[in-house]
Amino acid sequence: MSLVDVLLNTDVNKILQEETQIVEIERLSKTLGQKFEITIKAVPPKRYTEIQNTCLKINYKTKKTETDLYKIQMLTLCDGIKEPNFADENLLKHFNAFTPIDIFEKLFLAGEVNDIYNKIAKLSGYDKDEKEKNIEEVKN
């Protein structure tokens, strides 16, 4: 059976089903006295590229480009955190915040932001560990 046949016989909804993962922020769980869990999801390819392009800085004098990693991480969290809704109006008011990014800055430590970002990236198809493993296999 060809790959086209396999795809034609596949339930499209099964392929399009959104994969999610629950991530616990242990420090906040301890602080709040109950589990602090967020549900993350993959960021669609087009949006992922938009985020990357938004965070690209071009110095026209030196013709060099720089990437604002902090901004990439924060925008990825905005799109990749499914629950809770950090854009909730009441939550924003409670934290005296204008955007979810303002809340992330107040809630999460740098390492926690990086960890959440990496997990969203992995759900989005970017698996650094798997890539490094494949590189080692090719070398050997």
Side-chain angles (χ1 to χ4, degrees):
M1 185 180 276
S2 75
L3 187 54
V4 171
D5 292 331
V6 170
L7 289 171
L8 288 172
N9 290 317
T10 301
D11 179 6
V12 176
N13 292 326
K14 186 176 181 181
I15 293 174
L16 298 177
Q17 184 177 353
E18 184 176 78
E19 185 179 351
T20 61
Q21 180 182 347
I22 295 174
V23 177
E24 181 182 1
I25 310 300
E26 291 180 20
R27 179 186 60 83
L28 291 173
S29 292
K30 289 176 186 173
T31 301
L32 299 173
Q34 70 177 48
K35 282 193 174 196
F36 185 95
E37 295 178 328
I38 58 173
T39 303
I40 60 171
K41 64 183 180 88
V43 175
K46 184 176 180 178
R47 179 63 185 141
Y48 214 95
T49 301
E50 289 170 353
I51 289 170
Q52 291 173 335
N53 287 336
T54 299
C55 301
L56 195 63
K57 297 178 187 176
I58 301 171
N59 185 328
Y60 292 103
K61 291 181 183 177
T62 63
K63 298 185 181 185
K64 291 185 179 180
T65 58
E66 295 177 13
T67 304
D68 186 341
L69 180 59
Y70 176 78
K71 192 173 180 181
I72 284 179
Q73 289 179 332
M74 288 299 181
L75 291 176
T76 301
L77 265 63
C78 286
D79 282 61
I81 295 176
K82 183 174 181 172
E83 291 177 13
N85 177 10
F86 285 107
D88 179 84
E89 194 174 311
N90 293 323
L91 190 59
L92 290 168
K93 285 180 185 176
H94 182 73
F95 277 89
N96 195 25
F98 294 104
T99 68
I101 292 173
D102 296 332
I103 295 177
F104 300 154
E105 290 173 341
K106 293 176 181 188
L107 277 181
F108 304 129
L109 299 175
E112 293 165 342
V113 168
N114 191 56
D115 185 47
I116 296 165
Y117 168 79
N118 286 332
K119 288 178 180 176
I120 293 169
K122 188 172 182 176
L123 282 177
S124 301
Y126 293 97
D127 189 350
K128 182 180 173 183
D129 295 335
E130 187 66 30
K131 183 178 177 181
E132 288 174 3
K133 180 181 169 187
N134 291 339
I135 290 170
E136 285 301 313
E137 287 178 11
V138 169
K139 285 181 182 177
N140 294 331

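Positions are given from 1 along the sequence.
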Using side-chain contact (heavy atoms from CB on, under 4.5 Å) as the criterion, list what pairs up with N53, not counting sequence neighbours.
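Testing N53 for side-chain contact (heavy atoms from CB on, under 4.5 Å), a comparison that skips the adjacent residues, returns T49.
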Please list, chain by chain and in numerical order, all residues satisfying side-chain hydrogen bond (donor to acceptor under 3.5 Å, both in side chains) with E112, sequence neighbours excluded.
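For E112 the side-chain hydrogen bond (donor to acceptor under 3.5 Å, both in side chains) partners, ignoring immediate neighbours, are R27.
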Kindly write out the residues that satisfy side-chain hydrogen bond (donor to acceptor under 3.5 Å, both in side chains) with D115, not counting sequence neighbours, or none if the list is empty.
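So D115 forms a side-chain hydrogen bond (donor to acceptor under 3.5 Å, both in side chains) with K119.
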Nearest 0.5 Å, what's the [atom1]-[atom2] distance between [X] and [Y]?
X	Y	atom1	atom2	answer
I22	K35	CD1	NZ	9.0 Å
N85	T39	CG	OG1	12.0 Å
I103	C78	CD1	SG	9.5 Å
E83	I40	CD	CD1	12.5 Å

Results of salt bridge (charged side-chain N to carboxylate O under 4.0 Å, His left out) for E24 - residues two or more places apart only:
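For E24, no residue satisfies salt bridge (charged side-chain N to carboxylate O under 4.0 Å, His left out) once neighbours in sequence are set aside.
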For R47, what residues pass the salt bridge (charged side-chain N to carboxylate O under 4.0 Å, His left out) criterion, not counting sequence neighbours?
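Listed in chain order: E50, D79.
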Going by heavy atoms in the side chains, are [X] and [Y] under 4.5 Å from each other?
X	Y	answer
N59	T62	yes
M1	N9	yes
I101	L75	yes
F104	D102	no

Hey, could you give me each pair passing ring-ring contact (aromatic ring centres under 6.0 Å, His included) that has a residue in residues 9-35? Not counting sequence neighbours.
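Not a single pair qualifies under ring-ring contact (aromatic ring centres under 6.0 Å, His included).
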For residues 15-51, which residue pairs pass the ring-ring contact (aromatic ring centres under 6.0 Å, His included) check, not counting sequence neighbours?
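Found Y48-Y126.
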What heavy-atom pair brings I120 and L77 nearest, and what distance separates the two atoms?
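Distance-wise, the nearest heavy atoms are CD1-CA, 4.0 Å.
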Exercise: identify the closest heavy-atom pair between I81 and P84
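Minimum heavy-atom contact is CG2-O, 3.9 Å.
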Side-chain donor-acceptor pairs under 3.5 Å in residues 86-98, sequence neighbours left out?
residue : atom : partner : partner atom : Å
D88     : OD2  : N90     : N            : 3.0
D88     : OD2  : L91     : N            : 3.0

Heavy atoms of other groups near K57 NZ, more than 12 under 6.0 Å:
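Open: at most 12 neighbouring heavy atoms sit under 6.0 Å from NZ of K57.
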Donor-acceptor contacts, no H, no angles, side chain residues 65-73, under 3.5 Å, sequence neighbours left out:
residue : atom : partner : partner atom : Å
D68     : OD1  : Y70     : N            : 3.4
D68     : OD1  : K71     : N            : 3.1
Y70     : OH   : E105    : OE2          : 2.3
Q73     : NE2  : N114    : OD1          : 2.9

Side-chain (S124) to main-chain (V43) donor-acceptor, under 3.5 angstrom:
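Pair found, side chain donor or acceptor close to backbone of V43.
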Under a 4.5 Å side-chain heavy-atom rule over Ile, Leu, Val, Met, Phe, Trp and Tyr, are I116 and L32 clustered together?
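Looking at the clustering, L32 is in the same group as I116.
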Taking the hydrophobic residues Ile, Leu, Val, Met, Phe, Trp and Tyr, and joining any pair whose side-chain heavy atoms are under 4.5 Å apart, which ones share a cluster with V12?
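ILVMFWY cluster around V12 also holds L16.
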Under the side-chain hydrogen bond (donor to acceptor under 3.5 Å, both in side chains) rule, what pairs show up with a residue in residues 11-23, not counting sequence neighbours?
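Residue pairs with at least one partner in residues 11-23: E18-K82.
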